[in-house]
J.: 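Let me give you the structure first, and then I'll get to my questions.
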Amino acid sequence: VTQTLVATAGEAPREAEIAFERLYRSSRDDVYAYAAGILRDPAAAEEVTATAFERAFRKRARFDPGRGEPRAWLFGIARNAALDELRRRGRQAELRAEPADPVGGGAADGVEQSERRLLLDTALGALSGADRELIALKYFAGLDNAEIASVLEISESNAGTRLHRAMDKLREACDGAI
Amino acid sequence: MEPFRDDAEIAAALRETRPAPHPEFAARLDARAARGFPREPRLAIPGLPRLREILSATPPRRLLGAGGAVAVAAIVIATAVVATSETGSPTSPVRPLTYPVGRSVRPAVAPRAEQAAPTPRASGGAAAAAGNASPHAAGSETQSDGVQFESAPAPGSGPYASHAARRDVERGAQIVLAAEPERVRADAAKVFDAVHAADGIVLSSSIRDGKAGVAGAEFELLIPAGKLGDSLAALSRIAEVRSRNESTQDITAPTVGVAERLQDSRARIEGLLGQLAAAGTNEERAAVEAELRAERRREAALRSRLSSLRRRASFSRVSVRIETGAAPSREGGGWGIGDGLDDAGRILAIAGGVTAIGLAILAPFALIALLAWLARRAWVRHARRAALG
């Protein structure tokens, strides 16, 4: 997503409101998915999501388009909120409930698919927080490597390398769980 | 259960298991977003949340601009306060006392000469007083006989003779009067009358006739210090007063010092006279006599110096000028380009001083705040990295 979703400081206030609303609409579920993926706690993910958007709304006038895309900026704020939540708890929360999936999850899935989902979840839980964050940013939030690099403040190639390693570890964890 | 065949299959499974927000939470968050994420009041201080909101929503450039404007306003206000409260020249050793026209002037320190002021006849040939009453600054001086005096007070009197029971104060005044050209002579006569009434002395006078701007008069007067206030009032009544300045200088320390040295010199003469009486040989007598002559010269010079100092305290030098025509811009109270430049330079200097003082006060706090902010930021970054394990 490369479109400008946050108005610059020079724009009229109304335009800034509209731009932020667009960013909110397009990123709400992604931010929640990222937070849930890293925290593995739906309640904490909801709190972090709300906090992230609140902070972003307060700081929307400070957004500098020259320093990156608005989505990367938003996920940087969400990341800090999520890490602050992790610090507050002092530990990585265990998954207390299965993440709700109103679209795909349900009785229509076969046993095989449910088992695979459980396997994947178990494997994700075995990963380190940093690896799980990379996977959450890529596959839950839908960020590309450039955006991930911007959020983590690393180079794009480094982001790709780390993501590749995280996927290797996830596959090994899945194989080990079987 | 079949294992994942490749990363693409894992990626697809991950996207399928992507957590989605609960519809109730999504609806609540949408409602908050529509209201602009109102912050729940946590602090009891009214208006503080709103202030925080405004500050966090304001771009840094605008915050910097607003902060700069506040700083400039503070400097301007402080400069105005300092400039309006400042009086006199800080570098002048004798601060002129300028009083509003028509006010009766009384010094804060009553001169000692008020009790012991001599009363010479007006213009009565008090040449000695006229010659010695000029307002010299207290300092090292050389008399005509070659004897050098140091104004430093004798031991025990201190640099300002602060323990002296009575103060010797030399006073001076300058008055500028405005008159019509045809009234210059009449007003000059009134000046003489005022001086005579105060038993003062006219050291010099100069009267010019002519048209406006040319006609005028100048007087150098000596007025007994005890009658200075009344004389100035009388002089001020002669014509319109364009300016009136008074100055005072404390000469207690040199007076006390000279008096003490004079006492020492007299005691030494007494001692030398005793030695002269006891001298057994001509050589001894000649040596003591030579020393006695030198000491007597010194004693005479000291006596003259002390007399001069006391006359300076007894008589006040007053300059009177009668002007005709328009008042000069620099001296008559008018305000010109030169005055503007002077004022501008002075105000710039004050503003610079205020800024320097403000920076000196704020800089340590700003440095501490910056260090604290940097330390907290580094600690938070470290803690966030550690939180990920």
Side-chain angles (χ1 to χ4, degrees), chain A residues 9 17 20-21 24-25 28-29 32-33 35-38 42 45-46 49-50 53-55 57-62 79-80 83-87 92 99-105 112-113 115-117 119-121 124 128-130 132-133 135 138-140 142 164 167-168 170-171 174-175 178, chain B residues 1-40 42 49-65 377 379-389:
Chain A
E17 301 292 332
F20 184 82
E21 190 180 343
Y24 169 77
R25 295 287 174 201
R28 183 195 66 189
D29 292 358
Y32 174 83
I38 192 173
E46 287 179 359
T49 304
F53 277 108
E54 188 178 320
R55 286 183 189 172
F57 182 77
R58 309 269 175 242
K59 296 179 179 177
R60 66 190 185 283
R62 297 186 186 180
R79 181 175 189 250
N80 285 341
L83 297 184
D84 289 343
E85 175 64 22
L86 281 178
R87 285 170 52 208
Q92 291 184 11
D101 189 355
V103 179
E112 176 76 12
Q113 202 168 357
E115 283 183 348
R116 279 195 156 194
R117 191 172 293 152
L119 171 67
L120 200 56
D121 189 70
L124 277 172
S128 70
R132 196 163 59 245
E133 181 187 32
I135 289 171
K138 178 75 176 182
Y139 299 106
F140 290 171
H164 185 69
M167 287 297 284
D168 286 347
L170 181 63
R171 190 173 58 249
C174 287
D175 293 344
I178 293 174
Chain B
M1 184 173 56
E2 288 290 321
F4 291 105
R5 285 190 294 275
D6 53 20
D7 285 357
E9 197 175 1
I10 294 175
L14 282 169
R15 291 191 179 99
E16 282 179 14
T17 58
R18 175 181 189 264
H22 196 280
E24 281 184 18
F25 165 72
R28 275 202 317 273
L29 194 60
D30 288 350
R32 288 194 67 197
R35 294 198 309 272
F37 293 99
R39 197 194 296 267
E40 293 177 5
R42 297 175 188 171
R50 176 70 184 148
L51 179 64
R52 287 179 58 188
E53 191 175 323
I54 291 172
L55 286 178
S56 60
T58 306
R61 284 179 187 172
R62 288 188 188 171
L63 278 179
L64 275 177
R377 189 179 167 197
W379 180 81
V380 167
R381 283 193 170 198
H382 171 76
R384 281 174 177 162
R385 275 199 301 270
L388 274 177

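Reckoned from all heavy atoms, side chains included, excluding hydrogens, waters and symmetry mates. Letters go in sequence order (proteins before strands), and every chain restarts at 1.
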J.: Check whether B/A386 gets within reach of chain A through its side chain, its backbone, both or neither, counting any heavy atom under 4.5 Å.
T.: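 Contact with chain A involves no heavy atom of B/A386 at all.
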
J.: Could you walk me through whether A/D121 and A/R117 pass the side-chain contact (heavy atoms from CB on, under 4.5 Å) check?
T.: CA-CA 6 Å; A/D121 189 70; A/R117 191 172 293 152; 5.9 Å; no

J.: Non-hydrogen atoms of chain B under 4.5 Å away: do they reach the side chain of A/F140, the backbone, both or neither?
T.: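 Its backbone and side chain both get close to chain B.
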
J.: Grab the two heavy atoms, one from B/R18 and one from A/A33, that are nearest each other, plus how far apart they are.
T.: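 Residues B/R18 and A/A33, closest heavy atoms: CG-CB, 3.8 Å.
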
J.: Using a cut-off of under 4.5 Å for heavy-atom pairs, which of A/L170, A/L120, A/L124 has the most such pairs with chain B?
T.: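 Most heavy-atom pairs under 4.5 Å with chain B: A/L120.
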
J.: Do the side chain of A/R60 and the main chain of A/F57 share a donor and acceptor less than 3.5 angstrom apart?
T.: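 It does hold such a pair.
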
J.: Is NZ or CZ of B/R28 both nearer than 6.0 Å to the six-membered ring centre of B/F25 and within 45° of the ring axis?
T.: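 B/R28 over B/F25 ring: no.
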
J.: Please flag which part of A/D29 lies under 4.5 Å from any non-hydrogen atom of chain B: side chain, backbone, both or neither.
T.: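 Answer is both: backbone and side chain atoms of A/D29 are under 4.5 Å from chain B.
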
J.: Considering only heavy atoms from C-beta outward, does the side chain of B/V380 approach that of A/L83 to under 4.5 Å?
T.: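 Answer no - side chains too far apart.
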
J.: Do NZ/NE/NH1/NH2 and the carboxylate oxygens of A/R25 and B/D30 come within less than 4.0 Å?
T.: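 B/D30 and A/R25: salt-bridged.
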
J.: In terms of heavy-atom proximity below 4.5 Å to chain A, should B/A33 be classed as side chain, backbone, both, or neither?
T.: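 Just the side chain, heavy atoms under 4.5 Å.
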
J.: Less than 4.5 Å to any heavy atom of chain B: does that hold for the side chain of A/E133, its backbone, both, or neither?
T.: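 Contact with chain B: side chain only.
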
J.: Counting only heavy atoms closer than 4.5 Å, note whether A/R171 contacts chain B via side chain, backbone, both or neither.
T.: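 Both parts, heavy atoms under 4.5 Å.
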
